[in-house]
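Just so we're clear, the structure is a prediction, and the values are computed from it rather than from any experiment.
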There are 2 protein chains.
Amino acid sequence: MNKSTIYHIAEQVGVSPATVSRALSGRGYCGEKTKEKILKIAKELNYAPDQAAKMLKTRKTKKIIFAVPDICNPFYFDMINGINQVLESYGYLLILFYTKHSLKEELKAIQNVREKVADGMIMVSFHFCEENIKAINSLHAPVVLTNKYVSAEGGDKFDYVYVDTYEGVKLGTEHLIKQGIEKIAFIGGNMSEQTGFQRYCGYRDALLDANLNLDESLVIPSNYTESGGYLAAQSLLERSERPQAVVAANDLMAIGVMKACEEAGLSIPDDIAVVGMDNLDIASRVYPKLTSVALLQEEIGRNAAQILMDRLHGNLSSDGEIKLLPRLVVRKSSMRFG
Amino acid sequence: MNKSTIYHIAEQVGVSPATVSRALSGRGYCGEKTKEKILKIAKELNYAPDQAAKMLKTRKTKKIIFAVPDICNPFYFDMINGINQVLESYGYLLILFYTKHSLKEELKAIQNVREKVADGMIMVSFHFCEENIKAINSLHAPVVLTNKYVSAEGGDKFDYVYVDTYEGVKLGTEHLIKQGIEKIAFIGGNMSEQTGFQRYCGYRDALLDANLNLDESLVIPSNYTESGGYLAAQSLLERSERPQAVVAANDLMAIGVMKACEEAGLSIPDDIAVVGMDNLDIASRVYPKLTSVALLQEEIGRNAAQILMDRLHGNLSSDGEIKLLPRLVVRKSSMRFG
DNA sequence: TTAACATATGAAACCGATTGCATAATATTC
DNA sequence: GAATATTATGCAATCGGTTTCATATGTTAA
């Protein structure tokens with residue numbers, strides 16, 4: 001356990017620790033010959049700078065926290081990739097923190113930033129309650145959120161990078177309408193929550209814009225899982241007049257829908273078309289391949305990380321708010337006349 | 001930017017910083033009344049301990065690095081889950097580091113440990129070359145590897161948690177043999193690498209143990225991707241006598257095989273049975289569902305993290321080496337008489 | 001030759017906690 | 001009531017860097 005510090009180097013070379021620090025960091029003046037000697041001895045002593053000491057003095061950790069509800073959802077993998085691309089180029093490390101959809105854990109993540117474990121944070125599905133908002137507002141470090149809360153007052157000033165899911169569902173629905181399909185069902189999540197409601201609105205507005213009838217009985221709330229989609233689809237299919245198409249609020253649900261159709265002996269897309277959302281990896285692996293709306297996870301990650309870096313380096317004065325537009329990926333499951 | 005430290009608290013309360021430290025940490029003696037006052041003022045000042053300072057003094061970071069080749073492979077996510085379960089209960093944070101299959105990045109990860117960014121590291125697919133081994137051996141922090149190199153000398157003393165893939169392939173192959181299938185092909189990865197070779201051996205030994213003929217022309221090296229499996233399968237299927245079953249070295253390859261079979265108009269499992277390995281999420285989503293060998297990623301993660309915690313808390317004196325036995329998950333794709 | 005300036009280096013403060021040692025105050029024992 | 005043990009607190013050193021300021025030396029300009 002032969003530790004080596006700038007003091008050890010200084011002693012060996014016969015200079016002061018300050019000089020060693022300057023030689024190694026390249027800041028300030030330092031003679032060429034001295035510098036050479038210092039570097040030589042540093043290598044000999046197998047010197048590695050202590051980051052804790054550096055952090056204490058410089059007040060920078062070169063780390064950021066990515067707070068995410070759970071990692072089971074493949075959706076977040078791509079976000080991490082995007083984030084990491086940016087962080088890497090700035091020499092930052094990424095700390096992964098699970099919030100498990102719980103306010104308590106989100107507060108813990110915030111606390112870690114307060115304790116200067118990281119210089120900033122990117123947070124997914126932030127709970128917009130008073131306690132949380134207050135906690136995040138009192139931070140002296142930048143935070144980027146990836147879900148936006150549209151408040152009545154609109155007084156909060158957060159950095160946001162998010163994707164317009166309203167537009168996403170609308171795109172998917174319009175794609176069906178364009179093919180002449182009129183009787184379209186929507187399987188959504190919890191529509192009393194903001195994101196769930198927005199997705200519903202995308203469906204609704206696509207119909208209304210096309211002057212189609214909006215039949216509320218074709219709107220089924222469920223949960224965002226495969227079985228959620230499966231059960232909702234079953235209830236739709238056992239009706240006398242089944243819909244010609246289903247828009248699901250995410251891919252897992254859509255896959256559940258496809259399963260229910262298959263069991264009911266219906267062929268996709270001929271008997272019934274299906275559109276999902278998220279454009280997960282599996283969307284292109286199921287049979288038939290699933291039409292889906294890409295939510296650009298990786299790009300969200302990249303943008304969020306970039307905003308954070310800009311804030312940390314003083315290159316961003318105004319509010320950061322980036323709204324990404326989703327992209328429809330048409331595959332077999334919705335091609336009525338393919 | 002009203003920072004607050006133990007000095008500010010000390011001043012307000014009228015005690016020394018040492019007393020504040022003791023009151024807040026609970027270590028050492030501290031009077032009840034003083035403690036109360038200190039806690040009260042700490043809350044008033046919105047005090048949060050500075051982790052950098054704490055780290056510097058205590059020489060502990062309460063973080064560990066998970067160095068992983070890439071994050072695109074869903075395989076690793078379950079590992080992260082397992083790791084995190086353990087870390088959480090010990091109050092550690094996880095730093096994610098991408099090595100991109102490159103030695104240079106692995107050395108960077110090691111350097112981070114040297115610089116005391118983290119207290120320990122879990123590393124996936126470590127390159128067993130001299131430089132890397134030397135670097136890791138000179139660390140004064142515990143490292144757990146998840147791939148084992150069986151060296152001739154066997155002199156290295158690393159902590160390992162890994163799964164016996166030899167046994168995995170053997171299990172899968174035996175499962176087919178038990179059903180009376182004799183003509184079984186093996187699509188492997190790079191068999192000049194240790195892991196690739198071991199998988200091949202599992203296949204070979206299963207046949208030999210059952211006194212079956214080992215036909216080397218049925219062994220196809222390819223790469224560990226869907227298209228790798230697809231191409232290999234095509235070359236198998238265009239022969240005059242096609243195999244009755246295929247064992248693929250991982251699930252992605254197996255899915256490629258299934259695709260090739262489908263295109264060739266063969267029905268799975270009746271015309272040809274397929275077995276994969278990794279038991280990824282998609283194995284149960286493809287049609288027909290894919291029989292696979294579960295490599296217990298989450299358990300690897302949990303065990304690796306536990307060894308690390310034990311080392312860090314002095315609860316482990318001997319070498320840590322845990323070999324996990326894979327588990328066969330039988331699904332439709334291999335059930336010849338289902 | 002001297003003023004003005006650039007370069008090289010050291011001394012020491014500082015970042016914000018922890019902790020060993022010394023001392024003071026209080027409690028316990030005989 | 002004296003001796004001893006226990007509890008409470010402060011002082012000051014320490015962790016390992018960075019950085020400001022002062023000083024010393026060397027260089028160039030006038």
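Atoms CZ and CE, from Phe158(B) and Met123(B) in turn, are 11.0 Å apart once rounded to the nearest 0.5 Å. Atom OG1 of Thr146(A) sits about 11.5 Å away from atom OH of Tyr162(A), to the nearest 0.5 Å.
Under a 4.0 Å N-O distance rule, the pair Asp164(A)/Lys148(A) does not qualify as a salt bridge. With respect to Glu105(A) and Lys108(A), a salt bridge is recorded, a charged nitrogen being found less than 4.0 Å from a carboxylate O. Here Lys100(B) pairs with Glu88(A) in a salt bridge; the nearest charged N to carboxylate O distance falls below 4.0 Å. A salt bridge does not link Asp78(B) with Arg302(B): none of the charged nitrogens is closer than 4.0 Å to a carboxylate oxygen. Salt bridge absent: Asp119(A) and Lys62(A) never bring a charged side-chain N and a carboxylate O closer than 4.0 Å.
Taking a 4.0 Å limit (strictly below) on heavy-atom distances, residues 31-40 of chain B reaches DNA chain D at Gly31(B), Thr34(B).
Exactly one residue among Ile6(B), Ile9(B), Thr34(B) makes a side chain to side chain contact (heavy atoms under 4.5 Å, CB included) with Val15(B). That residue is Thr34(B).
Checking the phosphate oxygens (OP1, OP2) of dA8(C), no side-chain nitrogen or oxygen of Tyr29(A) falls inside 4.0 Å.
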Worksheet item: Reading nucleotides 10-20 of chain C 5' to 3', which nucleotides get B (base under 4.0 Å from a protein heavy atom), which S (sugar-phosphate only), which -?
Response: BB--BBBBBBB
